[in-house]
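Notes to accompany the following structure.
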Amino acid sequence: MLLTTKFLRPASDSRAVQRERLSSLLAPGHPKRLNLVLAPAGFGKTTLVSQWCSRTSGPIAWLSLDEHDDDPQRFWQYVASAFEHAGLTGLEPCHKSLSGNTDDSLSSAITALVNALAADGSPWILVLDDFQFAANDRIHRQFGYFIDYLPAGVTVTLASRTEPPLPLARWRVRRWLQEIHPALLAFSEDECREFFHNTMGLSISEKDVQAICRRTEGWVAAMQLSALSGSDSGLEQNNLATDSNSPQAALSINERHISDYVLSEVLDKQPEDTVAFLLDTSCCPRLCASLCDTLRDTNDSQEKLENLLSQHLFLIPLDNHNEWFRYHDLFRDALLQRIRHADPERAQVLWQRAVEWLLNHGQVQGAIAQIVQEEDWPWLAKVLATHGNNLIHGGYHLPVLNWLDALPAEQVEESAQLQMLRVWGRFFANRLDHLEPLLANIEDLLDRHVADSAPDAEGALGLQSEVSLVRSYLARSRSDDKSASDLTKQVLADIDHTRIPLKSVTYYGIGLDDYGKGDLPGAENTLKSAVHYGQVERKPSTVLSSGGLLAWIQYNRGDMDLALDTCTEVRKWVDQHYSDPSQPRLISCWLSAALTEIFRERNQLRDAAAHLEPLLEHINKGAEPGQHIIIQHVRGHLAFSDGRYKDAIGYLEDAEQVGRKRREHIVFEPPASSALLARCFLAEGQPGEARRILESVESQTITNPLNREQNSISYARLLVAEGKPEQALEILEALISDAQRNEHNRHMVEALLVSGEALAQLYRDKECQDRLAQAVGMAAEAGFLRLFAEESPRLQELLLASAMVKTGGSWHISLTDMLLSPKTENASDKKEQTAAPNTQPDHRQTAAGDSVKKLAEPLSQRELEVLELINAGYSNKDIAASMGVAPATVKAHIRNLYGKLGVGRRTEALVRARELGILTQ
């Protein structure tokens, strides 16, 4: 006797979310033979397949399996009867063979079933729901035979909680298989919204929709349990289609109902060893085999994890190598509730083991998060004392400040080490106003400890050196260069006698001093030491800052290839040692600004904009004032190069204003935005405004020779524009001598060019050509290019007429092409954009049509190129080689691409691009 109700397809609810993006994947098509829908309980497998069947023409045989169908003979009896119930005839030979009870008779029955399907010739669809119940190895072998010999046009769909041991790899190669995994089945935010509003008839706020979607990660069963809980508790239900003004009530995740569902539908149906593994590892937000082995005191955890992954038991891989995983958050919560209730002592021991493993393996932030959650304050104080300094210098100063605030106040007040962490945290957060009293408190505390007992002399000396180092940076913010230098040298003298790693930060301070004095060679050597010691001390933020300033100096000195290598090497080291995917990427203002300037100067304006893009977020969120000025300076320079003078003026005026108002919060003298601002006004035909800007600067104290030179060159340009070449030459002659002596090669080139134009006004043509030839020669050697296009139209005409420009290699050809390129009309009225001027419309973006317009910000031409290469299967390295750019540039394009598409991975980007019609295959 067979249960005919198992042949009945579940009715499709008209209010259910219609998932066209998935239904289209299930559709029959040559040469596909099998759909495999895999996901844990409650992910909507049955609903999806039922919806698809309801809109599919052709005969459909449906079979819902259960725990009694694990016998091969019974399994095939049901399969054959499902076809017969749906109308397939000619199955008498099959039923006759099934009446036997041998493997041979079952093989004959399967062959007879295949023959009946071939004779019928219809495009049959067979759906086997809950296929995980068919766990018998004989069934799997027989089912593989069945799929291998299916006639053309027949499609089988399996819905299963676990991946069956079938020859899936072979079928993938033959393109017989379409797989839908949990990541695809998870509801998108739009589908979550439709589920609550239309399916469940609940009027909940957009904020609640987004919050529940994030918390459930698209797990529809959890959303349904929460919605039903909201309904049961009196949450108003209404038909939104007819009552758009209905009130919006709050809805939250019902943890108890979800936990009960997990325990009854998932956990209680697993073998004992699987349940034990799940409970023992539930204390860890992230899992790897080594961590699990430590918790369980075994060595088989990798096998266990991969087994859970194949069973789709709410285990989510975090990499492509099956090394790191996590449980679905709500699933993990249910496991934690079970073990804490059943065996609280073991739960506590497992938690302690997990935290100790994290600390021993460099996962300090994960360990601290666990400690804070358990409110173990003594352990937190101990961990911060040991690891806090490196965390702060690794870019995590704000979390450290929050953790210090979580500690009892008296615990911090009695610890000079913890108070010093608070000082460094506030320093890196640019909260400089109240640091001096905190430093005084630390010194008083150290004195009291000396009076009370035998102190830790080495530790006390180290803390005193840290106090002096912070005071040196505070002195720089007051432009007290002598005090800053004296304090830094004292720290450097004492540093070898302390156990606190301070050399990198100290050398960075000396590098800032050398840069402030215009001693570029000295600053370069000091900053190389800062980078070296930063790597030794494992201080990524110092490595980035020191390496970024080093690249900035190398760029200004004319070694752009060397500057690019410095950026690449520093970024590579940081990414290699500090690539935690759960944390935001560490960004260096100096480094990104240097890359922006390098690519802008090479006339690769799109690549320059790609490196600028990550910095703009800091402007919007409130960057440290010195960084704010640097970002706005390079942003203004890029806009100036792009002919967007009004935009450039806005950015540069903002930089000037911040520099005036917040000078005491800046520990170095930032670039002279005034010089570039004056050039913008000259380009706009407003020499009066340019003079006002430059004359107002004369009343201010400018200590950095680079900034003085920039303003002097801009003032010389103004004099030439006003027809006063003699005065311009008087300024430039002295400047050229100083720039040559100090290796300020970029300024040397600019000064030579402007003096050439001044000499031309005086009809001293031979001297003019000599100056221009010298400037071209220096620029060609350094790779400077864009600065020529930023000079006056008259000077560009002189350059095109110069014999030096007409004879040369590829750089000279690029210079000529750039100077001859037509100027963009109304350039100053354009809005900020990443594209370079004079670029033809991208045929791919035009072909995408209205689909591309669906994006809030369209993809640039370079981003489209990257997207197509990703679609072709290229790696980042291959994309860089294909486009002729650095790998760092490719990464910047990919970050921008992901941001515009609203995705986080390559596969998601390709799916989204196809949905929008940007990619067609």
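Computation of the quantities below employed the complete heavy-atom set of this structure, encompassing side-chain atoms and omitting hydrogens, waters and symmetry-equivalent molecules. Position 1 is the first residue of the sequence, and the numbers go up from there. Quick caveat: nothing in here was measured; it's all calculated off a predicted structure.
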For Tyr874, look at atom OH and say whether over 12 heavy atoms of other residues, nucleotides or ligands are found less than 6.0 Å away.
-> no

Evaluate whether atom CD of Glu722 has more than 12 neighbouring non-hydrogen atoms of other residues, nucleotides or ligands under 6.0 angstrom away.
-> yes

Taking [X] first and then [Y], would you say they form a salt bridge - that is, a charged N and a carboxylate O separated by under 4.0 Å?
X      : Y      : result
Asp561 : Arg602 : yes
Arg771 : Glu733 : yes
Arg717 : Glu750 : yes
Glu790 : Arg600 : yes
Asp519 : Lys517 : no
Glu569 : Lys572 : no

Note, [X] side chain near [Y] side chain (heavy atom, < 4.5 Å):
X      : Y      : value
Phe788 : Asn603 : no
Ile630 : Gln627 : no
Glu653 : Val658 : no
Leu616 : Glu613 : yes

Stepwise side-chain contact (heavy atoms from CB on, under 4.5 Å) check, Leu897 with Ile870 = CA-CA 11 Å; Leu897 178 69; Ile870 289 175; 4.2 Å; yes

Which atom names give the shortest non-hydrogen contact between [X] and [Y], and what distance separates them?
X      : Y      : answer
Leu798 : Cys768 : CD1-SG, 4.3 Å
Ala648 : Gly636 : CB-O, 3.4 Å
Pro705 : Gly516 : CD-O, 3.3 Å

Under 3.5 Å, is there a donor-acceptor pair linking the side chains of [X] and [Y]?
X      : Y      : value
Arg635 : Gln632 : yes
Arg906 : Asn876 : yes
Ser714 : Arg679 : no
Ser674 : Asn711 : yes
Asn556 : Arg746 : no

Taking atom [atom1] of [X] and atom [atom2] of [Y], what is their separation to the nearest 0.5 Å?
X      : Y      : atom1 : atom2 : result
Gln710 : Leu694 : CD    : CG    : 11.5 Å
Ile629 : Leu652 : CD1   : CG    : 11.5 Å
His637 : Leu787 : NE2   : CG    : 8.0 Å
Tyr715 : Ile693 : OH    : CD1   : 14.0 Å
Leu605 : Thr596 : CG    : OG1   : 11.5 Å
Ile731 : Ile736 : CD1   : CD1   : 12.0 Å

Using modelled atom types and a 3.5 Å cut-off, is there a donor and acceptor pairing between side-chain atoms of [X] and backbone atoms of [Y]?
X      : Y      : value
Asp654 : Gly650 : no
Ser592 : Cys589 : no
Gln796 : Glu791 : yes
Glu601 : Phe784 : no

Exactly one of Leu753, Val754, Leu752, Leu719 clears side-chain contact (heavy atoms from CB on, under 4.5 Å) with Leu732, and that residue is Val754

So Ile553 and Leu549, side-chain contact (heavy atoms from CB on, under 4.5 Å) or not? Walk me through it.
-> CA-CA 6 Å; Ile553 289 171; Leu549 180 55; 4.2 Å; yes

Candidate pair Glu684 and Lys646, rule salt bridge (Lys or Arg N to Asp or Glu O under 4.0 Å), full reasoning | CA-CA 8 Å; Glu684 282 277 271; Lys646 290 181 179 178; 5.0 Å; no

Is the His747 ring parallel, tilted or perpendicular to the His744 ring (thresholds 30°, 60°)?
-> perpendicular

Classify the angle between the aromatic ring planes of Phe599 and His611 as parallel (below 30°), tilted (30 to 60°) or perpendicular (above 60°).
-> parallel

Do Tyr515 and Leu550 pass the side-chain contact (heavy atoms from CB on, under 4.5 Å) test, and can you show the C-alpha distance, the side-chain angles, and the key distance before you say yes or no?
-> CA-CA 10 Å; Tyr515 171 69; Leu550 175 61; over 6 Å; no

Apply side-chain contact (heavy atoms from CB on, under 4.5 Å) to Ser814 and Met818, showing your working.
-> CA-CA 6 Å; Ser814 297; Met818 180 184 67; over 6 Å; no

